[in-house]
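Nothing here was measured: the structure is a model prediction, and the numbers come from that model. Heavy-atom basis, side chains included; hydrogens, waters and symmetry copies ignored.
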Amino acid sequence: MREVLAQAAFQLFLERGFERTTVDDIVARAGVGRRSFFRYFPSKEDAVFPDHESCLAEMTEFLSAVDDGDPVGAVCDAARIVLRMYADNPEFSVQRYRLTREVPGLRTYELSVVRRYEQTLAGHLRNRFGEGGDGALRAEVIAASVVAAHNNGLRLWLRSGGEGDPEVAVDHALALVREVWGSPSAPVAPAAATPASAPSFPVSGGGGGEDEVIVMVARKGTPMWRVVQQIEAAVGEN
């Protein structure tokens with residue numbers, strides 16, 4: 001039933017547009033009642049991403065059973081679980097990517113989904129590195145790097161229309177992450193002193209393009225308006 005509802009919803013989103021499709025339209029197409037829809041999906045947005053809950057559960061299970069001898073390799077392998085989910089249904093994945101680019105609300109929802117994956121990876125790494133010293137920071141930075149690398153390769157494949165092997169670009173990107181962070185026992189250089197009044201560090205970006213990755217490090221407690229201001233400034237410059 002979950003799959004039937006998701007298929008009905010997505011067909012309507014493509015035919016009528018996301019905003020013009022209602023839950024009533026979806027259940028009518030699926031031939032069920034409203035109660036059935038909300039039993040499986042809290043909102044229309046959830047129906048666009050019906051596979052992420054099971055994928056997140058699979059990632060969590062994988063990490064709970066993995067050997068901790070290579071934590072960076074483990075989270076890279078966990079990211080490939082997400083890649084396989086997309087690659088298993090190329091047509092749907094490409095259509096969803098295009099729809100998400102067109103609907104701001106879906107992009108926001110997608111970011112929340114990505115953040116959940118990142119938190120899962122970071123949680124595993126914190127258990128390995130510990131919360132003391134720079135352990136928690138290392139975990140957050142590596143998790144963010146893995147997600148950024150995975151998404152960079154994945155989007156290259158999605159923008160191509162699902163042509164070729166998506167693992168090639170993703171494996172290349174994740175190899176860079178392992179090259180930089182693959183030695184968890186290496187000492188971490190102490191952070192440079194920063195004036196107490198400084199709310200954040202500069203934002204840095206890649207070489208341009210619509211899927212450029214922007215990384216910003218901010219002090220805990222930095223006002224959200226300041227974070228947004230810094231990101232908007234960087235996007236404008238690039």
Check your understanding: Regarding Asp46 and Tyr109, is there a side-chain donor-to-acceptor distance under 3.5 Å anywhere?
Key -> yes

Check your understanding: Cut-off 3.5 Å, side chains only: do Thr22 and Asp25 have a donor facing an acceptor?
Key -> yes

Practice item. Kindly indicate, with the supporting measurements, whether the criterion side chain to side chain contact (heavy atoms under 4.5 Å, CB included) is fulfilled by Val141 and Trp181. Key: CA-CA 10 Å; Val141 172; Trp181 295 106; 3.5 Å; yes

Review point. Rounded to the nearest 0.5 Å, how far apart are CZ of Arg178 and CG of Asp171?
Key: 10.0 Å

Exercise for review: Walk me through it: do Val180 and Leu176 pass the test side chain to side chain contact (heavy atoms under 4.5 Å, CB included)?
Suggested key: CA-CA 6 Å; Val180 174; Leu176 294 179; 5.7 Å; no

Point to revise | Gly161 versus Val94, closest heavy-atom pair with distance | key: C-CG2, 3.5 Å

Revision key, fill the gap. Given the options Arg101, Arg115, Arg116, Glu110 meets salt bridge (charged side-chain N to carboxylate O under 4.0 Å, His left out) only with Arg101

Point to revise | Distance, nearest 0.5 Å, that separates CG of Asn89 from CZ of Arg84 | key: 15.5 Å

Practice item. To the nearest 0.5 angstrom, please state how far the OG atom of Ser64 sits from the CE atom of Met59. Key: 12.5 Å

Check your understanding: Quick one: do Ile81 and Val168 end up in the same hydrophobic cluster if we chain Ile, Leu, Val, Met, Phe, Trp and Tyr together by side-chain heavy atoms under 4.5 Å apart?
Key -> no

Practice item. Over all heavy atoms of both residues, which pair between Cys76 and Val177 is shortest? Give the atoms and the distance, please. Key: SG-CG1, 4.4 Å

Check your understanding: Short question: side chain of Trp157, backbone of Gly162 - any donor-acceptor pair under 3.5 Å?
Key -> yes

Check your understanding: Mind checking whether Val82 and Met85 have side chains closer than 4.5 Å, heavy atoms only?
Key -> yes

Point to revise | Pair Glu3, Gln7: side-chain N/O donor-acceptor within cut-off below 3.5 Å | key: yes

Point to revise | Approximate separation, where rounding is to 0.5 Å, of Phe62 CZ and Cys55 SG | key: 12.0 Å

Exercise for review: Quick one: do Asp51 and Arg96 satisfy salt bridge (Lys or Arg N to Asp or Glu O under 4.0 Å)? Show the steps, please.
Suggested key: CA-CA 12 Å; Asp51 38 15; Arg96 175 167 60 187; 3.0 Å; yes

Point to revise | Beyond-backbone contact of Val66 with Asp77, side-chain heavy atoms, under 4.5 angstrom | key: no

Review point. Are any of the side-chain heavy atoms of Val27 and Ser36 separated by less than 4.5 Å?
Key: no

Study note, to complete from the structure: Sequence neighbours excluded, the answer for salt bridge (charged side-chain N to carboxylate O under 4.0 Å, His left out) partners of Glu131 is Arg126

**Study point:** ring-ring contact (aromatic ring centres under 6.0 Å, His included) contacts touching residues 9-37 (sequence neighbours left out)
**Key:** Phe10-Phe92, Phe13-Phe18, Phe37-Phe41

Exercise for review: To the nearest 0.5 Å, tell me how far Glu163 CD sits from Ser160 OG.
Suggested key: 6.0 Å

Point to revise | More than 12 heavy atoms from other groups under 6.0 Å of CZ on Arg107 | key: yes

Check your understanding: Would you say Arg2's side chain and Pro50's backbone share a donor-acceptor pair under 3.5 angstrom?
Key -> yes

Practice item. Examine Arg138 relative to Phe129 and say whether NZ or CZ is less than 6.0 Å from the centre of the six-membered ring and inside a 45° cone about the ring axis. Key: yes

Check your understanding: For the side chain of Arg128 and the backbone of Pro71, is there at least one donor-acceptor N/O pair under 3.5 Å apart?
Key -> no

Review point. Do side-chain atoms of Thr60 reach the backbone of Leu56 as a donor and acceptor pair under 3.5 angstrom?
Key: yes

Practice item. Flag the pair Thr21 / Glu15 as yes when at least one side-chain heavy-atom distance between them is below 4.5 Å, and no otherwise. Key: no

Check your understanding: Is Val32 close to Val4 at the side-chain level, that is, under 4.5 Å between some pair of heavy atoms?
Key -> no

Review point. Taking atom CD of Gln119 as the centre, does the number of heavy atoms from other residues, nucleotides or ligands within less than 6.0 Å exceed 12?
Key: yes

Check your understanding: Are the side chain of Arg34 and the backbone of Val23 linked by a donor-acceptor contact shorter than 3.5 Å?
Key -> no

Check your understanding: Hey, does the side chain of Asp70 reach the backbone of Gly73 with a donor-acceptor pair shorter than 3.5 angstrom?
Key -> yes

Review point. Tell me, do Arg29 and Gln11 make a side-chain contact under 4.5 Å, heavy atoms counted?
Key: yes

Review point. Which atoms form the tightest heavy-atom contact between Leu63 and Leu121, and what is the distance?
Key: CD1-CD2, 4.0 Å

Practice item. Would you mind reporting whether Thr108 and Glu45 have side-chain heavy atoms less than 4.5 Å apart? Key: no

Check your understanding: Does some side-chain heavy atom of Arg98 sit less than 4.5 Å from a side-chain heavy atom of Leu158?
Key -> no

Exercise for review: Determine the minimum heavy-atom distance between Ala79 and Val146, stating which atoms define it.
Suggested key: CB-CG1, 3.7 Å

Exercise for review: Report the C-alpha distance between Tyr117 and His150 in whole Å, list the side-chain angles of each, state the deciding distance to 0.1 Å, and finish with yes or no for ring-ring contact (aromatic ring centres under 6.0 Å, His included).
Suggested key: CA-CA 11 Å; Tyr117 285 120; His150 169 273; 8.0 Å; no

Check your understanding: What are the two closest non-hydrogen atoms of Ala9 and Ala47, and how far apart are they?
Key -> CB-CB, 3.9 Å

